[in-house]
Amino acid sequence: MRAPFLLPNVVSTRLKLIRGKRAPSRYFSPTSLALPSSSFLNDEAFLHEDSNYLTDHSPNHDCICNESAECNEQSFDRNGMCELFEKNSIVYEYQSSENDDLKRIKSILRNCGWNLGFESGYRIHLNEHNVIRILNDLFVQSSDAALALYFFRWSEYCIGSKHTVRSICTMVHILIGGSMNYTAMDLIKCLVKSNREDWWHDLLLRVFHETHTERKVLVTACSILVNCYIQEDMVNAAFKLTSQMKHFSIFPSMGVCNSLLRELLASQQSELAWDFLEEMQSQGMVLNASIISLFIHKYCAEGNIGISLKLLTEMKNFGINPDVVSYTIVIESLCKMCHLKEATSLLLKMTQIGISLDSVSVSSLIDGYCKMGQSEKAIDVLKIFTVPPNVYMYNSLLSKLCRDGNVVAAVNIFQEMLDMGLHPDCFSYTAIIGGYCKIREMMKAFNFLGKMLKRGIEESITTYTVLINGYCKSGNMDMAEHLFQNMLTQGLVPDVVAYNALMDGYGKKGHLHKAFELLDTMRSAGISPDIVTYNTIIHSLIMRGFVNEAKDILAELIRRGFSPDVVTFTNIIDGFSNKGNFEEAFFVWFYMSEHGMKPDVVTCSALLNGYCRVRRMEEANALFCEMLDIGLIPDLLLYNMLIHGFCSVGSIDDASRLVNMMVEYGVMPTEDKTLQFALVHGSLAILLTQITVAGYNITNRIGSWIFGYIANHDYCMCRLLFQWFDGGCKAEQSDTKRMEENQPVHKARHTSSGVTWRWLFPVISGYGSGSGG
């Protein structure tokens, strides 16, 4: 805490009582001012002599006057001071009310042998030498650094120019000796800011050494000097100063050394940091875990987890015991690199060697498991490692569960937080609200917002954005607009994500005019549109059939220097492909390559979808092979698309080849249309057999498909499925017999439930093959 400056400014108070114009003094000019007390008029005056020689090595004029708010409170009014010492002024009536601090200054100076003069007019010149002597005498006699600072500021005002570096360094020593280190730091910081030349750094160190009286004070002053250079991002100058300080047999404090190490590592000067660490040891400093942790953090940030682990394990060889911070840094880095098994082992090791776990280390591991989609293991970690729980630890779980749509489990975790006495924050409530929005339970989401407000937790921009996005996806644009306006009413400034959410809702509803109006409003509010904004506009145009207009926007973006992403190009390619304009689609494709964008699986799917629509399967197959050659891995949607296409032209062999490829890559068909096309074109047996041989259990799904076809009166499709399924039953009976005879059995067979057949048999047997839909 900054030491308060307790001297009352009685001068400014007296000046408020003075009215009227004063006659100029015969004896005092604005450049020769006395101490701010009328009682000095008959005894002495402090004049300054020519101080032009002080200009070369002096700090900026703002060095003293602007150092802090307390300085402003003690500043002097130049015009008022001049009026104060005019002989014929009304001030003479207040001579008896002299400032106590001024009385102390006069008394101390007289006791120290200063000849303050009599009516003969003897004067003390305020040159550098006398200022330094007076400062030292005041502090030695009173032990009051604030009193010396009062004279220091006043004397600079009287001189009318800046104090010299030597005077300022003397004042710094006095302030440190008087435990006013924060004020001393302000003065040193002004010195550091005034000049960034190398010779200036050397001068400051030399003058600090020349003006010191106590070694302990000198060490503190030099430590503050080095720290100020660090704070001003002059790390190399700070490092050079520490080297020069050795010539005076001094070295910075441990705290300053740690700061210098941290900045050297942050500025990618690891070699200098290691050299400085050796120098610290040579100076007799004892290394501890916090110092080594700086290097561990540095290597972890660079991804050199191996070096970090080596440092962690070898700390004991240097007589240093790793602490919880050292381990937590490594655990957090392992979690970020998805090495969760190693992070868990390290956390267990901490408990074995007796290091008390804290919530930060456990939270890092929980967050790592959640980000890897392993919420069950995250819950296990929470139960195994008993540490004082915190909100952050639970927020990771809430976020993961809600992202997965498991809102019931998330709400249970939320209630557990309340039962343990924890206070969920805005992030906690927003996570639950987002979970309900994801599963389209908008009423529950809105009710949870009400609970949040009742607890006195203010909603954030993210909270509103999640709700706006949820209502837009639910098609309730009126509520989305209401929430957006309510956000503005609450004084919250929507960010680009909030605008994009509402704009996407307008686009999906086909309200293009509102989307463009919102874009204008966004710009007027000073919010710069991002690539998601333009992708939303482009996608909205394409959905309404305005593909050429979308292409024009792309061209305009590129002309203005905006960088489109893969999504931008993919949207336009998909638009032209759906219209059958493959020439324009490929033009955009090549335009995309020219701008350094590589097509992804979605981009290829956009073109393949167009080819399959018009049954140009040769071109589709060629593009598919090219996609495989460049290392892209097809997804389920792309496989389904191609299987539909090949089945539609009767290429059952090609469709079967794709099914084999799906099985090989572990992609399981999940859309009924794939099977439906296969049924119609006679490839049902091939498709289902290949899937079952691969080991996929689709018994329950087959049953649901059969019931679905019955409900739609599609008994032909139902009979075909039944026949394949019945074949599976007979195969199962055959397999059982073979097992009894120790003969090999097919690995993957699927049998039907007796209940299923009891329901299906009377339905199917009652209809002929011609009764299908």
Side-chain angles (χ1 to χ4, degrees), residues 437-438 440 442 461 464-489 492-585 587-589 591-592 595 597 602-603 605-607 609-610 613:
C437 291
K438 186 178 181 68
R440 302 294 186 269
M442 299 309 301
I461 297 175
Y464 274 108
T465 303
V466 167
L467 279 168
I468 290 170
N469 187 54
Y471 278 111
C472 286
K473 291 186 182 303
S474 300
N476 191 346
M477 293 306 300
D478 292 336
M479 193 62 184
E481 290 175 347
H482 171 74
L483 285 169
F484 190 85
Q485 292 301 322
N486 192 51
M487 179 165 49
L488 297 174
T489 305
L492 296 174
V493 180
D495 57 8
V496 65
V497 182
Y499 278 102
N500 289 345
L502 187 59
M503 193 177 297
D504 184 56
Y506 285 139
K508 288 178 178 176
K509 280 287 187 179
H511 301 159
L512 295 180
H513 62 290
K514 287 189 176 183
F516 280 101
E517 286 176 3
L518 190 63
L519 181 62
D520 293 336
T521 304
M522 182 179 177
R523 288 169 173 164
S524 301
I527 307 296
S528 300
D530 61 3
I531 190 61
V532 178
T533 311
Y534 290 112
N535 285 346
T536 302
I537 293 291
I538 288 173
H539 182 70
S540 301
L541 288 169
I542 291 172
M543 291 290 290
R544 304 298 292 179
F546 300 108
V547 185
N548 291 322
E549 289 77 1
K551 182 185 174 185
D552 293 339
I553 291 179
L554 172 64
E556 180 64 19
L557 288 177
I558 295 174
R559 189 184 68 81
R560 293 185 180 184
F562 208 90
S563 299
D565 60 5
V566 177
V567 178
T568 316
F569 289 102
T570 300
N571 280 330
I572 299 176
I573 290 171
D574 185 53
F576 282 119
S577 179
N578 286 335
K579 284 181 171 288
N581 192 345
F582 296 103
E583 183 178 352
E584 284 291 336
F587 174 78
V588 177
W589 177 288
Y591 196 49
M592 174 183 180
H595 284 79
M597 296 287 178
V602 182
T603 312
S605 296
L607 272 174
N609 184 44
R613 280 173 179 266

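FYI, side chains are in, hydrogens and waters are out, and symmetry mates aren't considered; it's all heavy atoms of this structure.
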Before giving the answer on side-chain contact (heavy atoms from CB on, under 4.5 Å), spell out for Lys551 and Tyr591 the whole-Å C-alpha distance, their side-chain angles and the decisive distance to 0.1 Å.
CA-CA 11 Å; Lys551 182 185 174 185; Tyr591 196 49; over 6 Å; no
Is there a side-chain contact (heavy atoms from CB on, under 4.5 Å) between Lys508 and Met543 once you walk through the steps?
CA-CA 8 Å; Lys508 288 178 178 176; Met543 291 290 290; over 6 Å; no
Determine the minimum heavy-atom distance between [X] and [Y], stating which atoms define it.
{"X": "Gly475", "Y": "Lys509", "result": "O-CE, 3.2 Å"}
{"X": "Pro494", "Y": "Leu488", "result": "CD-CD2, 3.4 Å"}
{"X": "Arg523", "Y": "Pro529", "result": "NE-CG, 4.0 Å"}
{"X": "Ile558", "Y": "Pro564", "result": "CG1-CG, 3.8 Å"}
{"X": "Ala585", "Y": "Ser577", "result": "CB-N, 4.3 Å"}
{"X": "Ser563", "Y": "Ile531", "result": "O-CD1, 3.7 Å"}

Answer whether the closest heavy-atom distance between the side chains of [X] and [Y] falls below 4.5 Å.
{"X": "Trp589", "Y": "Thr603", "answer": "yes"}
{"X": "Leu502", "Y": "Met477", "answer": "yes"}
{"X": "Leu519", "Y": "Tyr506", "answer": "no"}

Donor + acceptor pair across side chains of Asn500, Asp530 (<3.5 Å)
yes
Any donor-acceptor N or O pair under 3.5 Å, side chains Asn535, Asp565
yes
Taking atom [atom1] as the centre, does [X] end up with more than 12 heavy-atom neighbours from other residues, nucleotides or ligands that are less than 6.0 angstrom away?
{"X": "Phe582", "atom1": "CZ", "answer": "yes"}
{"X": "Met479", "atom1": "CE", "answer": "yes"}
{"X": "Arg544", "atom1": "CZ", "answer": "no"}

What's the separation between atom CE in Met503 and atom CZ in Phe516, rounded to the nearest 0.5 Å?
9.0 Å
Looking at OG1 of Thr533 and CE of Met522, how far apart are the two atoms once the value is rounded to the nearest 0.5 Å?
4.0 Å
Should the pair Lys579-Glu584 be classified as a salt bridge under the 4.0 Å nitrogen-to-oxygen rule?
no
Would you call Lys514-Glu517 a salt bridge at under 4.0 Å N-O?
no
Can any side-chain N or O of Asn578 pair as donor or acceptor with the backbone N or O of Asp574 at less than 3.5 Å?
yes
Is there a donor-acceptor pair under 3.5 Å between the side chain of Asn571 and the backbone N or O of Val567?
yes
Taking the ring centre of each residue, are Tyr499 and Phe484 less than 6.0 Å apart?
yes
Using the ring of each side chain (for Trp, its six-membered ring), is His595 parallel, tilted or perpendicular to Phe569, with breaks at 30° and 60°?
tilted
Would Asn469 and Lys473 count as a side-chain contact (heavy atoms from CB on, under 4.5 Å) if you check the C-alpha gap in whole Å, the side-chain angles of each, and the deciding distance to 0.1 Å?
CA-CA 6 Å; Asn469 187 54; Lys473 291 186 182 303; 3.3 Å; yes
